Amino acid sequence: MSILRPDLERPRERRPADEPRAGRTQGGGVRPRDGRPGGEPRAERAGGWTGVVRDRVRPGVVRDRVRPGVAASGAGAGAAAAAGAGAVPRGGAVSRALAFVGRTLRGEWYGIVVDPLRQLRRRGPAALLLAFVACAGVIFFHAIAQHRTGATAVRVLGGVQGDLPLWLALLRTPVSLYVPALDLPVWAGITQLFLAFALAELALGRRRTLLIAYASTLAGTLSARVMMAMGPGRWGLGLPPEIGQVLDTGPSAAVVGLFTYLSVVRRAPVVFTLTGGSMVLESIAKPNLAGREHLIAVAAALVLGLLHERGRRRRRAAAGTRDTASA
């Protein structure tokens, strides 16, 4: 009955009896949608549901639309994958840089510290003979130089100056490796000397250690003569004749030469930067003969290290060629 007019009854909206419900046939079965047979499954990919819904616009015309929240497939997915493949992941460059630094530090640690310690464990304290002799020589000459007569003897035996005859300077150069600078703290110099000779002797052997130490010291000594011969102010490198009265650096040139050579042959950029950078800062902060001789020693050791590496690569290439020919 109607609320407004009780005498009238609103007719119910009835579905025709012969009209089946949506999605069902008259017999109770499921009516196919969008023209698909009743048993045909939805369109699927090999990997699962594609997310594409087919809408019938009009008979015979079907429109595809992608369900929201479902990844695109087919050509769209391929294009997205191609675009993603060319993109650089965020933080990738930083990760690669950190990995490179880690590998470099690890290789340097093994080349400069771990491998010499293994050699020391295998060969024993006898492997440090050069380091002990160098430290004992520095201590001996430093103790003698504390007296007037001893200082004269040390100067005659191992004092190298720019105004000496060349033959006499070459004769005194091996002894000058053990003559410390009297104006510097001797124990700090002894520590550096022992560390340099110990690492070099364990990593390079005694013969090559002596060769590099002597070559570095000799390079500094001869460079002082060349700079004095150029004259003061010549190309910014010349020195006045009064520099000929100054003693050479002594064992410090050998120390920086050994550290530089080790950093080259063992591929240790941190040690090379610390050694070369400290010498550059020293020459800038205190421009004197010792600073220039240290830079010359670093350059000489660098050249020797590069030549050694080049020769080793050639020997490896020749060995590989012989193995290939024999095979």
Side-chain angles (χ1 to χ4, degrees), residues 92-93 95-123 126-131 134 173-174 177 192-223 226 251-280 292-327:
S95 301
R96 288 193 296 269
L98 292 178
F100 173 76
V101 172
R103 290 193 303 268
T104 302
L105 293 178
R106 183 175 181 272
E108 186 165 350
W109 172 259
Y110 273 85
I112 299 296
V113 179
V114 176
D115 184 63
L117 289 179
R118 290 175 178 173
Q119 294 292 330
L120 178 61
R121 182 179 179 182
R122 183 174 62 87
R123 296 161 57 185
L128 303 178
L129 179 61
L130 283 181
T173 300
L177 292 174
Q192 296 177 4
L193 182 69
F194 179 82
L195 188 60
F197 271 87
L199 290 177
E201 187 176 3
L202 292 171
L204 307 175
R206 292 175 184 170
R207 183 179 302 178
R208 192 155 35 138
T209 300
L210 284 175
L211 176 63
I212 299 302
Y214 183 76
S216 302
T217 305
L218 186 61
T221 300
L222 297 180
S223 65
V226 173
S252 58
V255 170
V256 298
L258 288 175
F259 276 126
T260 303
Y261 187 86
L262 273 174
S263 64
V264 173
V265 298
R266 290 304 177 102
R267 293 176 174 84
V270 175
V271 175
F272 179 80
T273 303
L274 292 176
T275 304
S278 62
M279 294 302 102
V280 172
R292 296 192 181 195
E293 289 184 350
H294 289 161
L295 290 178
I296 296 298
V298 169
L302 176 62
V303 171
L304 292 175
L306 293 177
L307 290 177
H308 178 268
E309 289 298 299
R310 183 179 180 183
R312 183 166 60 180
R313 286 195 297 267
R314 286 185 175 181
R315 289 191 295 271
R316 287 181 178 177
T321 304
R322 287 195 300 268
D323 294 342
T324 305
S326 60

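Computed from a predicted model, the values in this text were never measured in an experiment.
- Here T221 pairs with D248 under the side chain to side chain donor-acceptor pair (under 3.5 Å) rule; sequence neighbours left out.
- Partners of R123 according to the side chain to side chain donor-acceptor pair (under 3.5 Å) rule, which considers only residues two or more places apart in sequence or in another chain, do not exist here.
- Judged as a side-chain contact (heavy atoms from CB on, under 4.5 Å), and not counting sequence neighbours, the contacts of R316 are R312.
- At a threshold of 4.5 Å between non-hydrogen side-chain atoms, the residues R103 and F100 count as touching.
- For the atom pair CG (L177) and CG (L218), the distance works out to 10.0 Å, reported to the nearest 0.5 Å.
- With sequence neighbours left out, A215 forms a side-chain contact (heavy atoms from CB on, under 4.5 Å) with L304.
- Applying the salt bridge (Lys or Arg N to Asp or Glu O under 4.0 Å) test to pairs two or more places apart or on separate chains, none has a residue in residues 293-307.
- From I112, atom CD1 reaches atom CG of L199 across 7.0 Å, with rounding to the nearest 0.5 Å.
- Looking at residues two or more places apart in sequence or on another chain, you find a side-chain contact (heavy atoms from CB on, under 4.5 Å) between R310 and R313, R314.
- The shortest non-hydrogen separation linking A131 to A198 is CB-N, 3.8 Å.
- Contacts of R118 classified as salt bridge (charged side-chain N to carboxylate O under 4.0 Å, His left out), with partners at least two apart in sequence or in another chain: none.
- Listed by first and then second residue, the salt bridge (Lys or Arg N to Asp or Glu O under 4.0 Å) pairs involving residues 294-306 amount to none (not counting sequence neighbours).
- Rounding to the nearest 0.5 angstrom, the gap separating the CE atom in M279 from the CD1 atom in I296 is 13.5 Å.
- Residues L202 and P116 share a closest heavy-atom pair of CD1-O, 3.3 Å.
- Under the side-chain contact (heavy atoms from CB on, under 4.5 Å) criterion, V280 pairs with I284, L295, sequence neighbours left out.
- Atom CG of L210 is separated from atom CZ of F197 by 7.0 Å, given to the nearest 0.5 angstrom.
- The structure places CD1 of I212 at 8.5 Å from NE2 of H308, a figure rounded to the nearest 0.5 Å.
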Atom pairs and distances, side-chain donor-acceptor, residues 251-277, under 3.5 Å, sequence neighbours left out:
unit_1: S252; atom_1: OG; unit_2: T249; atom_2: O; d: 3.3
unit_1: S252; atom_1: OG; unit_2: H294; atom_2: NE2; d: 2.8
unit_1: T260; atom_1: OG1; unit_2: V256; atom_2: O; d: 2.7
unit_1: Y261; atom_1: OH; unit_2: R208; atom_2: NH1; d: 3.1
unit_1: S263; atom_1: OG; unit_2: F259; atom_2: O; d: 3.3
unit_1: S263; atom_1: OG; unit_2: T260; atom_2: O; d: 2.6
unit_1: R266; atom_1: NH1; unit_2: G111; atom_2: O; d: 2.8
unit_1: R266; atom_1: NH1; unit_2: D115; atom_2: OD2; d: 3.1
unit_1: R266; atom_1: NH2; unit_2: D115; atom_2: OD2; d: 3.2
unit_1: R266; atom_1: NH2; unit_2: A203; atom_2: O; d: 3.4
unit_1: R267; atom_1: NH2; unit_2: E309; atom_2: OE1; d: 3.2
unit_1: T273; atom_1: OG1; unit_2: P269; atom_2: O; d: 2.7
unit_1: T275; atom_1: OG1; unit_2: V271; atom_2: O; d: 2.9

